[in-house]
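Since the structure comes first, as structure tokens, the remarks are kept for the end.
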Amino acid sequence: MIKSRVGDITTDLIQAIGKVCEKHNITHDEYRKAIDFFSEAIDAGERSLLFDAFLEANIVASDPTKTTGTTAQVLGPFYLPNMPLLDNGQLARPNEAGERLTVSGSVLSTEGGIIQNAELDFWQADAEGRYSSFNEGVPQYNLRGKIKSKTDGSFLLQTVKPAQYTIPDQGPTGILLKAIGRHSWRPAHLHVIVRHEDYQTLTTQIYFRGDEYLSTDAVRAANDDLAFPLSKNEEGSCVAFNLILRE
Ligand SMILES: [Fe+2]
């Protein structure tokens with residue numbers, strides 16, 4: 001019989017679950033309740049939320065193809081594809097509420113070379129922690145859009161500082177978080193996917209140094225390497241960082 005990677009992993013997974021069952025003397029009734037729990041989470045529309053909150057960070061951390069360059073981060077459940085290219089890097093509307101934030105940096109290769117014409121696909125929560133298309137009262141596609149790195153590899157984005165927010169915590173995912181003693185807060189962050197045809201696509205998040213939830217992120221994604229200092233400018237705050245792509 002030909003052994004497959006899927007077969008090997010499934011065998012190990014079953015053995016690992018078996019050890020947990022033995023350790024905790026899992027009953028058949030508890031097994032049925034666990035199955036019902038997953039069914040309820042999916043029926044409640046929390047399939048992505050549940051797996052992202054508990055498992056996605058492990059997968060990102062274990063991926064051996066991502067050992068150099070900017071640290072990869074979970075995609076999360078709030079991404080929307082096909083957002084427009086922004087005029088002059090203006091991600092926030094002129095009347096968008098919140099503290100103005102200037103985001104700058106360069107897209108670089110792991111050898112330090114500049115990468116021009118990379119596509120940076122940003123999305124973020126607003127100053128109340130809300131995502132367009134997922135929270136009510138937010139204009140359609142608000143705070144979502146793409147920019148390109150310039151000929152010198154640099155990029156510049158004008159936006160507002162995103163707020164910390166809780167992941168949806170009133171359904172099955174929230175119940176399970178509470179059961180293991182975790183809160184549902186995420187540190188403030190910007191999401192970005194960086195694409196260039198000659199490099200591996202990078203999905204990551206940018207945090208702000210000093211955020212109280214950096215070490216206890218509800219989805220265990222936040223990373224000190226990706227937490228950058230905020231400084232003040234005339235309009236509000238600014239943050240600078242480089243995004244390093246692997247070939
Ligand atoms: Fe987010």
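First listed ligand is number 1; within each ligand, the first listed atom is number 1. Being a predicted model, the structure only gives us computed values, none of them experimental.
Applying the salt bridge (Lys or Arg N to Asp or Glu O under 4.0 Å) test to R130 and every residue at least two apart in sequence or in another chain returns D126, E128.
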What side-chain donor-acceptor pairs closer than 3.5 Å can you find for residues 225-233, not counting sequence neighbours?
{"unit_1": "K232", "atom_1": "NZ", "unit_2": "E99", "atom_2": "OE2", "d": "2.9"}
{"unit_1": "K232", "atom_1": "NZ", "unit_2": "S237", "atom_2": "OG", "d": "3.4"}
{"unit_1": "N233", "atom_1": "OD1", "unit_2": "E235", "atom_2": "N", "d": "3.2"}
{"unit_1": "N233", "atom_1": "OD1", "unit_2": "G236", "atom_2": "N", "d": "2.8"}
{"unit_1": "N233", "atom_1": "ND2", "unit_2": "T102", "atom_2": "OG1", "d": "3.3"}

Could you pull out every donor-acceptor pair under 3.5 Å between side chains of residues 73-80 and any protein atom, sequence neighbours left out?
{"unit_1": "Q73", "atom_1": "OE1", "unit_2": "Y207", "atom_2": "OH", "d": "2.5"}
{"unit_1": "Q73", "atom_1": "NE2", "unit_2": "A221", "atom_2": "O", "d": "2.8"}
{"unit_1": "Y79", "atom_1": "OH", "unit_2": "D121", "atom_2": "OD2", "d": "2.8"}
{"unit_1": "Y79", "atom_1": "OH", "unit_2": "R195", "atom_2": "NH2", "d": "2.9"}

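Shown here are the protein N/O/S atoms lying under 2.8 Å from the Fe ion (ligand 1), water excluded: Y131 OH, Y165 OH, H189 NE2, H191 NE2.
Between P162 and L190 the shortest side-chain heavy-atom distance falls below 4.5 Å. Residues I206 and H189 are not in side-chain contact: their nearest non-hydrogen atoms beyond the backbone lie 4.5 Å or more apart.
Connection of F38 to L55 is established within a shared hydrophobic cluster, with ILVMFWY side chains joined at heavy-atom distances below 4.5 Å, either directly or through further cluster members.
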